[in-house]
There are 2 protein chains.
Amino acid sequence: MTSPSESAPLDGAELETWSALATVLEWLPPVLDLQLEDGWDLTHFEFGILYALSTAEGRSLPMSTLAGYANSTLSRLSRAVVRLEKRDWVRRSTDPGDRRVTIAGLTDSGAEVVASAAPAHAALVRRLVFDSLSAEQAMTLREISRNIAAAISDEGGWRPGR
Amino acid sequence: MTSPSESAPLDGAELETWSALATVLEWLPPVLDLQLEDGWDLTHFEFGILYALSTAEGRSLPMSTLAGYANSTLSRLSRAVVRLEKRDWVRRSTDPGDRRVTIAGLTDSGAEVVASAAPAHAALVRRLVFDSLSAEQAMTLREISRNIAAAISDEGGWRPGR
DNA sequence: CCGCATCACTTGACTGAGCAAGTTTTACCT
DNA sequence: AGGTAAAACTTGCTCAGTCAAGTGATGCGG
């Protein structure tokens, strides 16, 4: 009964739901990316890094902590930070306390970038997501998302960046 | 009033909703991919191509039509089909009626792959999405997804593959 | 029926992500 | 202390995706 091959195929309503969700899954991230790339030549991922740093104590974080916030591998993060460093938005230094860890810090120009990109990004999220939903739907969406995220965490123990 | 810089930043509840949704947006596609890659050494995108062909009249479609179904650029599709052809799961032929169009057709072994992967894939979708939701939540999710998808279509007129 | 725009791809150059292997520094065990 | 394991990145290799340019084939205006 628990064998995967025995679970019924998705029925009509489920298929429609899945298809609609799949559409969002496929389109939403690219549109969000597009704004940042057009306006600031930034990946959504790179923006996430800058944003995380901007909210951090002292505008700087160890790479591993940052990788956690950005749901990323250290490898991916490392390459992204190299790119950001080239633009002088981030600077790296090794932690004097533990010379294995390198601390990524936001520069002033990096902070300016975040300050100018973040409101536009939030506005786009509002337009695409919250403006299309009733307050009740938004609350339900939060529940739904949490449930699915929990299921993902359980399933196979998969986690990004680990 | 309609200037983007004037829209209020996301409030607490919205931020939580967005953060939960962003998690799903980031994690769900990779987990879905993982199964196909581990089990069949297939990208979700490649699977989509095979699946679309399997449901098509004569198990074959012109590249441009297929690109529409797969929400993809012709360029991306072309490369993917090259890969699938190397594994003898798809074969290309030029349409005798219009020698510009090339028709991608599913081979028998390709059909076998779809037949074996599709149920497992559907089962995973069920476990991750529908098993975590009440029937009512699932219905709401369909509404929500449609609304967001509609907002995306309106916004900036962006469309994948075009 | 000829020339040129257009269509339907394909391909070359480049970029970002993943995996695995390598480096340096620290922690632990005895 | 001394040696080994582990942590915290970084980097080489390879691959998929994008963008722009290239290649035939077709349609169409005069």
Side-chain angles (χ1 to χ4, degrees), chain A residues 26-27 29-34 36-38 40-49 60-87 90-105 158-162, chain B residues 26-27 29-34 36-38 40-49 60-87 90-105 158-162:
Chain A
E26 191 154 354
W27 287 7
V31 217
L32 258 21
D33 273 20
L34 202 59
L36 291 169
E37 283 172 19
D38 278 4
W40 292 268
D41 194 20
L42 265 185
T43 302
H44 183 81
F45 177 63
E46 293 167 337
F47 172 75
I49 293 171
S60 59
L61 286 171
M63 292 289 279
S64 6
T65 308
L66 190 50
Y69 289 177
N71 271 320
S72 135
T73 340
L74 223 32
S75 168
R76 186 182 176 195
L77 176 63
S78 180
R79 303 203 193 267
V81 167
V82 167
R83 295 194 295 271
L84 294 172
E85 212 171 19
K86 278 183 189 153
R87 311 229 225 156
V90 166
R91 224 166 274 151
R92 278 179 296 182
S93 53
T94 84
D95 182 338
D98 181 343
R99 305 180 42 75
R100 284 174 303 182
V101 351
T102 101
I103 294 178
W158 190 84
R159 283 295 188 86
R162 197 127 263 278
Chain B
E26 192 156 353
W27 289 8
V31 217
L32 258 21
D33 274 20
L34 202 60
L36 289 169
E37 283 172 20
D38 278 4
W40 291 269
D41 194 21
L42 264 185
T43 303
H44 183 81
F45 178 64
E46 292 167 338
F47 172 73
I49 294 170
S60 59
L61 287 170
M63 291 291 279
S64 6
T65 309
L66 190 50
Y69 289 176
N71 271 318
S72 135
T73 337
L74 222 34
S75 168
R76 185 181 177 197
L77 176 64
S78 180
R79 305 215 189 257
V81 167
V82 168
R83 294 194 295 272
L84 294 172
E85 212 171 19
K86 277 181 191 155
R87 312 230 226 155
V90 166
R91 224 165 274 150
R92 279 180 294 184
S93 53
T94 84
D95 182 337
D98 182 342
R99 303 183 42 76
R100 285 175 302 183
V101 348
T102 101
I103 293 176
W158 190 84
R159 284 297 188 84
R162 193 126 263 285

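Residue numbering restarts at 1 for every chain, and letters A, B, ... go by the order of the sequence lines.
Rounded to a whole Å, the CG atom of B/D98 is 20 Å from the P atom of D/dT23. Taking atom CG on A/L74 and atom P on C/dG22, their separation rounds to 18 Å, with Å as the unit. Distance CD (A/E37) to P (C/dC14): 19 Å, rounded to an integer number of Å. Between B/D33 atom CG and D/dC15 atom P the separation is 18 Å, expressed in whole Å. Between the P atom of C/dT24 and the CZ atom of A/R99 lies a distance of 12 Å, rounded to the nearest Å. When the P atom of C/dC9 is taken as reference, atom CD1 of B/I49 falls 13 Å away, rounded to whole Å. As a whole-Å value, the separation of A/N71 CG from C/dG18 P is 12 Å. Distance B/R76 CZ to C/dA8 P: 21 Å, rounded to the nearest Å.
Look at A/R92 and you'll find a side-chain N or O under 4.0 angstrom from OP1 or OP2 of D/dT10.
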Report task. For B/R92 and B/V82, run side chain to side chain contact (heavy atoms under 4.5 Å, CB included): C-alpha distance rounded to whole Å, both residues' side-chain angles, the deciding distance at 0.1 Å, then the answer. Result -> CA-CA 9 Å; B/R92 279 180 294 184; B/V82 168; 3.4 Å; yes
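The 5' end of DNA chain C is approached more closely, in terms of each residue's nearest nucleotide, by A/A80 than by the other of A/D95 and A/A80. Nearest-nucleotide assignment on DNA chain D puts the 5′-proximal partner with A/R100, out of A/R100 and A/S75. Closest-nucleotide positions on DNA chain C for B/V82 and A/P96 were compared, and the one nearer the 5' end corresponds to B/V82.
Atoms CD and CD, from B/E37 and B/E46 in turn, are 8.0 Å apart once rounded to the nearest 0.5 Å.
Within a 6.0 Å sphere centred on CZ of B/R99, other residues, nucleotides and ligands contribute 12 heavy atoms or fewer. Counting heavy atoms of neighbouring residues, nucleotides and ligands inside a 6.0 Å radius, atom CZ of A/F45 exceeds 12 of them.
Which of C/dA17, D/dA8, C/dT10 sits closest to the side chain of A/V101 comes down to D/dA8.
B/T102 comes within 4.0 angstrom of the backbone, heavy atoms only, and of no base.
Taking every heavy atom of both residues into account, B/S64 and B/L74 meet most closely at CA-CD1, 3.9 Å.
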